[in-house]
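Below is one structure, written out as structure tokens, with a few remarks after it.
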Amino acid sequence: MSLPQPVRGTHDLLPEDFRRHAHVIETARTIAARFGYDETSTPIFEFTEVFARTMGETSDVVSKEMYSFESRNGESITLRPEYTAGICRSFISNGLQQNVPVKVFANGPMFRYERPQKGRQRQFHQIDLECIGAAEAKADIEVISVAAMILKSLGVMEHCRLQINTLGDSESRTSYRTALVEYFSDHKDNLSQDSLNRLDRNPLRILDSKDKGDQALVAEAPLFSEYLNSYSAEFFDEVLKGLDLLGIEYDLNRRLVRGLDYYTHTAFEFVTTALGAQGALIAGGRYDGLIEALGGKPTPGIGWAGGIERLAMLASNLPDGKRPIAIVPVGDVAESEASKLAYELRQAGFSIEMAFKGNVGKRMKRANKVNSRAAILIGEDELERNCCTFRDLDEGTQTEIPLKSVKQALDALG
RNA sequence: GCGAAUGUAGCUCAGUUGGUUAGAGCGCCUGACUGUGACUCAGGAGGUCGCCGGUUCGAUCCCGGUCAUUCGCCCCA
């Protein structure tokens, strides 16, 4: 077939998919608002610098997955691969340090040039929550608890587990990193090719390797807990206690890491095994060094992002859509009267389905197809008496009622 | 970026060990029922068998390439 196809890794959101997406967004938005997070939005593209500086030149996303292009005036522009960098840039651009803590929720499309798979696309959508300007562990607890409540409300909590770890402050991190590089450098011969690459770029990632040989080495590797200074250890302890207090279950995962130096302390992921290799549903952490890296004053921050496609695939409790009421004119004479009634009822807030053409049979079929709750039939007979035939499509019963009382009849359906 | 599998109607899939008009279910359209849906019955439309090339008298089927999807790796939401 040579029909036009969408660009690889992009998908159309047909109404049914769209409803699922909207449900995820609406649920997240509502719950975020309960915690005091206001909705915000930033541009879909930024200067390439914004992402290169925040995500790190050596990260996979920056080095090979960005949709970058030269704008007409020669500037390098990049379609956003994530939300955090743009929101932090916005924080600086708008002088929001005066409003600290800035608590925002956002959603929208992201772009990464990756190999598409189930739950992984080149244009995908994320919900995002950021709390900027709070260094307290209470902020970590809050941010995680918002995510937990959203997952619970979507009915996907039962399909996932919260994994959590600490990366410590930069002092703890640096000393651990040094120790790790030293340890693995002594065992280079036994490391997989992937991990040899990681040794330069991102040694902490080796802890997460799936290679059997690597895992044997990892088992003997120095433990992060031995390199955590007391502040970092106490901070993490407070976060865990806060989660315990709220009854949020978690697994301590000492291998959960983030590659870049801006990430500090808490790192967490709500992971599932239901989507193949794409396990992360909502993932985030603390990024106390990020705003500074963008050129702002040192400002702590913590947040997370969640994949809407992934969440939508697992969401189980979709609300039923509103069912329309069908208006069916019988014969040409009633056509204009029916149109007027449809307009009035829509004005009054009802969802009305009225076909553009067709005899009664066709229009009734159409009414049924769009899952109408009831049908209102108007013909010459009814008009003479200022009435209409009101048919309950679930019960299969119908009565004649005055046109005046149509609204009451519809209200009575609930 | 690497490895593997798959690709037949709008959807889910049969099928052809290479041979005239390629099938089913669902969906769609029409009618039985010109003032009544969901049920039933009868008809109908819709496919250059992903695309390009090769082998062959002949390819949807075999071979190569390509594109897309899926799975694993990498990475991540």
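Protein chains get the first letters and strands the later ones, always in sequence-line order, with residue 1 at the start of each. Note: hydrogens, waters and symmetry copies are ignored here, and every other heavy atom, side chains too, is used. The shown structure was predicted, so the numbers you read here are calculated from the model rather than taken from an experiment.
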Would you kindly give the CZ-to-C1' distance between A/R310 and B/C75, to the nearest whole Å?
-> 10 Å
Rounded C1' spacing from B/C49 to B/A32 in Å | 36 Å
Cation over ring, A/R346 on A/F350, under 6.0 Å and within 45°?
-> no
Output yes when a side-chain donor or acceptor of A/S372 lies under 3.5 Å from a complementary backbone atom of A/N368, and no otherwise.
-> no
Is A/L281 touching bases, backbone alone, or none of the nucleic acid, heavy atoms closer than 4.0 Å?
-> sugar-phosphate
For RNA chain B, find the residues of residues 365-377 of chain A with a heavy-atom distance under 4.0 Å and give them by number; none if there aren't any.
-> A/K365, A/N368, A/K369, A/L377
Between A/Y113 and A/T397, which is nearer to the 5' end of RNA chain B once each is assigned its nearest nucleotide?
-> A/Y113
If you look at every strand shown and take non-hydrogen atoms under 4.0 Å, does A/R115 touch a base, only sugar-phosphate, or nothing?
-> base
Can you find a donor-acceptor pair, distance only, under 3.5 Å between A/R112 side chain and B/C76 base?
-> no
Begin from the C-alpha positions of A/S172 and A/S232 and carry the test side-chain hydrogen bond (donor to acceptor under 3.5 Å, both in side chains) through to its verdict.
-> CA-CA 8 Å; A/S172 307; A/S232 299; 3.3 Å; yes
Before giving the answer on side-chain contact (heavy atoms from CB on, under 4.5 Å), spell out for A/L410 and A/L345 the whole-Å C-alpha distance, their side-chain angles and the decisive distance to 0.1 Å.
-> CA-CA 10 Å; A/L410 291 181; A/L345 291 176; 4.1 Å; yes
Reckon A/G9 touches a base, only the sugar-phosphate, or nothing at all at heavy-atom distances under 4.0 Å?
-> sugar-phosphate
With P as the reference atom in both, quote the distance from B/G25 to B/A77 in angstrom, rounded to an integer.
-> 47 Å
Verify the neighbour count for atom CG of A/D332: are there more than 12 heavy atoms of other residues, nucleotides or ligands below 6.0 Å?
-> no
So, is the end of the A/R122 side chain (NZ or CZ) under 6.0 Å from the ring centre of A/Y113 and within 45° of the ring's axis?
-> yes
How would you label the contact of A/I282 with the nucleic acid (heavy atoms, under 4.0 Å): base, sugar-phosphate, or nothing?
-> sugar-phosphate
Which whole-number value in Å describes the distance from A/Q117 CD to B/C2 C1'?
-> 12 Å
Base-pairing assignment for B/G27 (Watson-Crick or G-U wobble, both under 3.5 Å) = none
How is A/E309 classified with respect to the nucleic acid when contacts are heavy atoms under 4.0 Å: base, sugar-phosphate, or nothing?
-> nothing
Does B/A14 have a Watson-Crick or wobble partner in any strand here, with both distances under 3.5 angstrom, and which is it?
-> none
Length of the line joining A/R8:CZ and B/C67:C1', which is rounded to integer Å = 9 Å
Calculate the interatomic distance between A/E395 atom CD and B/A38 atom P; express it in whole Å.
-> 18 Å
When both distances are under 3.5 Å in a Watson-Crick or G-U wobble arrangement, the nucleotide paired with B/U20 is none
Just to confirm, is there a sub-4.0 Å distance from OP1 or OP2 of B/C29 to any side-chain nitrogen or oxygen of A/K362?
-> no
Any donor-acceptor pair under 3.5 Å joining the side chain of A/R198 to the base of B/C75?
-> no
Would a line drawn from the ring center of A/Y37 to the ring center of A/F105 be shorter than 6.0 Å?
-> no
Can you tell me the distance, in whole Å, between the CG atom of A/L256 and the C1' atom of B/A77?
-> 14 Å
Across all strands shown, which nucleotide pairs with B/G1 by Watson-Crick or G-U wobble geometry, both distances under 3.5 Å?
-> B/C73
Between B/A77, B/C71, B/U36, which nucleotide gets closest to the side-chain atoms of A/M364?
-> B/U36
Could you work out which one of B/G35, B/C73, B/U36 sits closest to the side chain of A/R120?
-> B/C73
Hey, are A/R29 and A/E39 close enough for a salt bridge, meaning a charged N less than 4.0 Å from a carboxylate O?
-> yes
What integer distance in Å separates A/L79:CG from B/A77:P?
-> 17 Å
Counting only Watson-Crick or G-U wobble pairs whose two distances fall under 3.5 Å, which nucleotide matches B/A59?
-> none
For A/G331, report the nucleic acid contact type (base, sugar-phosphate, nothing); a contact means any heavy atom under 4.0 Å.
-> nothing
Mind checking A/D381 for me? I need base, sugar-phosphate or nothing, with any heavy atom below 4.0 Å counting as a touch.
-> base
Determine: side-chain N/O of A/R391 to OP1/OP2 of B/U36, distance under 4.0 Å, yes or no.
-> no
Write down the distance separating the C1' atoms in B/G72 and B/G15, rounded off to the nearest Å.
-> 31 Å
Name the pairing partner of B/U6, where a pair is Watson-Crick or G-U wobble with both distances under 3.5 Å, or state none.
-> B/A68
Would you state whether a donor and an acceptor, one from the side chain of A/E65 and one from the base of B/G1, lie under 3.5 Å apart?
-> no
Considering every strand shown, what is the Watson-Crick or G-U wobble mate of B/G46 when both distances are under 3.5 Å?
-> none
Looking for any heavy atom pair under 4.0 Å, which part of the strands does A/E82 touch: base, sugar-phosphate only, or nothing?
-> nothing
Assert: residue with more 5' nearest nucleotide on RNA chain B, out of A/G119 and A/P6, is A/P6
Using the P atoms only, state how far B/A9 lies from B/G47, rounded to an integer number of Å.
-> 10 Å
For A/Q121, answer base if it contacts any base atom (sugar-phosphate contacts may also be present), sugar-phosphate if it contacts only those atoms, and nothing otherwise; contact means non-hydrogen atoms under 4.0 Å.
-> base
Give the rounded distance in Å between these two atoms: CD1 of A/I327 and P of B/G35.
-> 19 Å
Tell me: CZ of A/R205 to C1' of B/C74, nearest whole Å?
-> 10 Å
Go through the side-chain N and O atoms of A/S195 and A/D214 and say whether any donor and acceptor fall under 3.5 Å apart.
-> yes
Do any N or O atoms from the side chain of A/E382 and from the backbone of A/G379 form a donor-acceptor pair under 3.5 angstrom?
-> yes
